[in-house]
Amino acid sequence: MQSDYRIGQGLDIHRFQRGRKLILGGVEIPHHSGLLGHSDADALLHALMNAILGAIGKGDIGVHFPDTDPRYKNIASGVLLRQVIAMMKKSGFALVNGDITVLAQEPRLAPFFSAMRKKIARLMQVDENQINIKAGTTEKLGALGKGEGIMATAVVLLRKSP
Ligand code: MG
């Protein structure tokens, strides 16, 4: 049965490396290390894209933007998000809302939530109140708790476009 609503969830994780810029939610955050990856390693946008692709039944970002492809080397993930949004629209769906959680022992991300929401809303051409971002630590448990990297998860609800 075809539904007017689709749900998707996404997850991404990247390790820190010194000497790289930390980009999360399309926003540069001052920190001694950035995330290591083929693209800008924006784990937050990657989780969001995986959620959208999941909702429209189109796999994940690894399928569409393989890290073996030199076109995606150091690419800003916002550029990839625009492409994912184009795929979503082509599939006939629009965002109802997205809820994103970031797990990081450090740095403190709350001061950047507003800028991230603005950036994501602009990239997705939706209202800021359709995007929620929150963050937590892992209470110093495990690799994330040792500050070795950052994990993000996202859930999105899509509705069939009129
Ligand atoms: Mg990633």
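As the structure lists them, so they are numbered: ligands from 1, and atoms in each ligand from 1. Just so it is clear, the model here is predicted, and its values are computed rather than measured.
- Distances from the Mg ion (ligand 1) to the N/O/S atoms of H46 are shortest for ND1.
- In this structure a side-chain-to-backbone donor-acceptor pair under 3.5 Å is missing from R20 to G34.
- Atom NE2 is the N, O or S atom of H14 at the shortest distance from the Mg ion (ligand 1).
- Taking the six-membered ring for Trp and the full ring otherwise, H31 and F16 have centroids separated by under 6.0 Å.
- The side chain to side chain donor-acceptor pair (under 3.5 Å) analysis of residues 62-71, with sequence neighbours excluded, yields the pairs D69-R71.
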Show me the donor-acceptor pairs, under 3.5 Å and distance only, between side chains in residues 155-162 and residues at least two apart or in other chains.
unit_1 : atom_1 : unit_2 : atom_2 : d
S161   : OG     : G92    : O      : 3.3

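- D12 contributes OD2 as its N, O or S atom closest to the Mg ion (ligand 1).
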